[in-house]
Protein chains: 2
Amino acid sequence: MKTILVIEDEKDLAELISFNLEKEGYRVLTAVDGASGLESARGNVPDLILLDLMLPAISGVEICKILKKSEKTSRIPIIILTAKGEEIDRVVGFEVGADDYVVKPFSNRELMLRIKAVLRRGEQERQSDKIIRIGSLCIDTSRHAITCAGEEIILTTTEYKLLINLAERLGRVQSRDVLLKNVWGYNYIGDTRTVDTHITRLRTKLGEAGDMIKTVRGFGYKMEDA
Amino acid sequence: MKTILVIEDEKDLAELISFNLEKEGYRVLTAVDGASGLESARGNVPDLILLDLMLPAISGVEICKILKKSEKTSRIPIIILTAKGEEIDRVVGFEVGADDYVVKPFSNRELMLRIKAVLRRGEQERQSDKIIRIGSLCIDTSRHAITCAGEEIILTTTEYKLLINLAERLGRVQSRDVLLKNVWGYNYIGDTRTVDTHITRLRTKLGEAGDMIKTVRGFGYKMEDA
DNA sequence: TACTATTTTTACATACTTGTAACATATTTG
DNA sequence: CAAATATGTTACAAGTATGTAAAAATAGTA
């Protein structure tokens with residue numbers, strides 16, 4: 001039986017997540033703030049940590065960094081819970097070192113799928129210092145740098161986040177709505193066509209690698225080699 | 001037609017919302033307090049719930065928690081209506097498990113946009129990423145890719161949905177009316193012969209796998225291996 | 001403040017999709 | 001066996017989704 005540590009200050013949400021996790025057969029530990037979360041993680045090393053980014057006192061980012069620095073806890077996979085789309089690029093990259101993230105509000109199903117995926121993923125390929133290579137494209141998340149066939153490509157924040165989102169879910173079709181939620185944040189109200197515009201710009205800037213962003217008519221976009 | 005349950009104790013507001021929702025083509029159920037709201041949600045599962053936070057007796061937060069914990073109702077998206085300002089909006093709103101929130105006073109336009117966004121999100125969720133194999137045919141729903149004996153087959157949106165519908169109910173005959181409802185949507189007005197045309201196209205594109213789509217004269221179509 | 005970079009919206013072009021109708025073929029029925 | 005009925009097939013006008021560029025709005029900065 002796998003143990004999951006939930007670090008979340010909002011009691012209701014923590015309770016809800018615990019309830020669902022237990023229903024799925026996980027053992028659950030909860031912590032309402034960073035300090036007790038750290039303590040718990042060190043004392044009884046869990047198989048995975050769900051970490052809210054917005055915590056009182058020590059922020060989730062800090063906690064994540066601390067956990068990743070200690071030998072004892074560095075190998076525990078961490079999934080970040082965040083309300084903002086804007087922070088994900090920093091979070092998943094080297095700076096923070098989380099293994100995955102879920103943007104609030106998330107469905108139970110979504111969360112469970114992510115947890116399973118992260119647990120399944122081998123220890124060796126944790127995302128901390130991840131460099132994504134797809135065809136001639138190379139994304140160095142730690143340096144926030146992108147190259148295509150050696151040539152450096154300068155992207156704006158939105159373009160970068162959009163690319164990361166597509167690249168991390170390689171092959172999977174993502175609807176405009178999902179992209180809006182993950183890149184722009186849950187609170188975004190606007191035209192889904194905005195995504196199209198950014199896709200166009202991304203394709204242009206990426207040059208030959210831009211062809212790897214495929215349109216799936218009626219559904220959304222996906223990224224795929226060749 | 002989508003059904004929306006409005007749980008709101010202020011009669012005037014409830015009425016106004018109902019009026020606007022109906023104008024947009026939704027079916028509306030209303031409940032003036034938590035208990036009847038819960039009952040209604042369980043009895044006639046709606047597609048979405050608009051939930052006032054400030055209710056007599058049981059609070060909206062409680063209701064939200066209860067709904068999210070029950071298997072039957074946990075998947076219903078909930079939009080919170082709250083009169084309180086900034087500090088509560090994010091924290092209480094969707095961290096309880098709700099899918100979105102709107103702060104009173106809200107414009108009709110805003111509410112409708114949120115509803116649409118949340119409903120869209122839900123539709124995305126439903127398509128789980130599984131791989132269906134039937135004979136030489138392979139359907140990868142997450143990649144939205146179809147292969148027959150390794151060869152990739154490009155389908156249009158309608159063709160794809162039609163195939164999924166047949167493949168998911170393997171062996172079972174489905175009438176043209178049922179297919180129209182499932183693939184084209186319940187309010188589709190048109191010729192049932194449209195189905196035939198698409199079946200033909202599907203068979204052609206699928207090549208040898210197309211033979212697995214069988215005609216059941218007088219009843220409809222079914223999919224069956226060999 | 002003005003200026004720049006970036007993002008979003010708008011508008012239009014284009015390419016793809018689709019429902020229908022018309023005709024062909026097959027099957028059932030009387 | 002012919003008529004009636006059901007399904008198969010094809011072509012095309014109309015509809016729809018996406019691509020793209022340019023204007024408008026916004027955010028960021030000196």
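Order of the sequence lines fixes the chain letters, A, B, ..., with proteins taken first and strands second; residue numbering starts at 1 for each chain. Everything numeric in this text was worked out from a predicted model, so none of it was measured.
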Would you say a side-chain N or O of [X] is under 4.0 Å from OP1 or OP2 of [N]?
X        : N      : value
B/Tyr188 : C/dT18 : no
A/Tyr160 : C/dT6  : no
B/Thr156 : C/dT18 : yes
B/Arg193 : D/dT7  : no
A/Trp184 : C/dT8  : yes
A/Thr194 : C/dT9  : yes

Task: Whole-Å gap separating P (D/dT9) and NZ (B/Lys205) - done: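 Distance, rounded to whole Å: 15 Å.
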- [ ] Take the protein atom CZ of A/Arg201 and the nucleotide atom P of C/dT9, then report the distance between them rounded to whole Å.
- [x]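 Checked: the CZ to P distance equals 12 Å.
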Does either side chain, that of [X] or that of [Y], offer a donor lying less than 3.5 Å from an acceptor on the other one?
X        : Y        : answer
B/Arg203 : B/Thr215 : yes
A/Arg114 : A/Tyr101 : no
B/Ser142 : B/Asp140 : yes
A/Thr156 : A/Glu159 : yes

Give me, pair by pair, the N or O atoms of the protein and of nucleotides 24-30 of chain D that are less than 3.5 Å apart, along with how far apart they are.
none

Open item on the list: What's the closest nucleotide to the side chain of B/Tyr221 if the choices are C/dC16, D/dT7, C/dT18?
Closed with: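 Nearest nucleotide to the side chain: D/dT7.
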Task: CZ (B/Arg169) with more than 12 external heavy atoms under 6.0 Å - done: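 Enclosed: over 12 neighbouring heavy atoms sit under 6.0 Å from CZ of B/Arg169.
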Open item on the list: Under a 3.5 Å distance rule, please check whether A/Ser175 uses its side chain to pair with a backbone N or O of A/Val178 as donor and acceptor.
Closed with: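 Confirmed, A/Ser175 side chain pairs with A/Val178 backbone.
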Task: Any residue of residues 171-183 of chain B with a heavy atom less than 4.0 Å from an atom of DNA chain D - done: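 Hits under 4.0 Å, by residue number: B/Arg176.
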Reckon [X] touches a base, only the sugar-phosphate, or nothing at all at heavy-atom distances under 4.0 Å?
X        : result
B/Thr215 : sugar-phosphate
B/Thr200 : base
B/Thr204 : nothing

Task: Matching residue for B/Leu155 among B/Ile139, B/Leu163, B/Leu162 - test: side-chain contact (heavy atoms from CB on, under 4.5 Å) - done: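 Result for side-chain contact (heavy atoms from CB on, under 4.5 Å) with B/Leu155: B/Leu163.
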Task: Passing option when B/Val195 is tested against B/Thr200, B/Leu180, B/Thr158 for side-chain contact (heavy atoms from CB on, under 4.5 Å) - done: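 Going through B/Thr200, B/Leu180, B/Thr158 one by one, the side-chain contact (heavy atoms from CB on, under 4.5 Å) with B/Val195 is satisfied by B/Leu180 alone.
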TODO: Would you mind reading off the bend of the helix from C/dT1-D/dA30 to C/dG30-D/dC1 from its two end axes, five pairs each, to 10 degrees?
DONE: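 Roughly 30° between the end axes, to the nearest 10°.
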Open item on the list: Using 0.5 Å steps for rounding, measure from the CZ atom of B/Arg176 to the CG atom of B/Asp191.
Closed with: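 Answer rounded to 0.5 Å: 10.0 Å.
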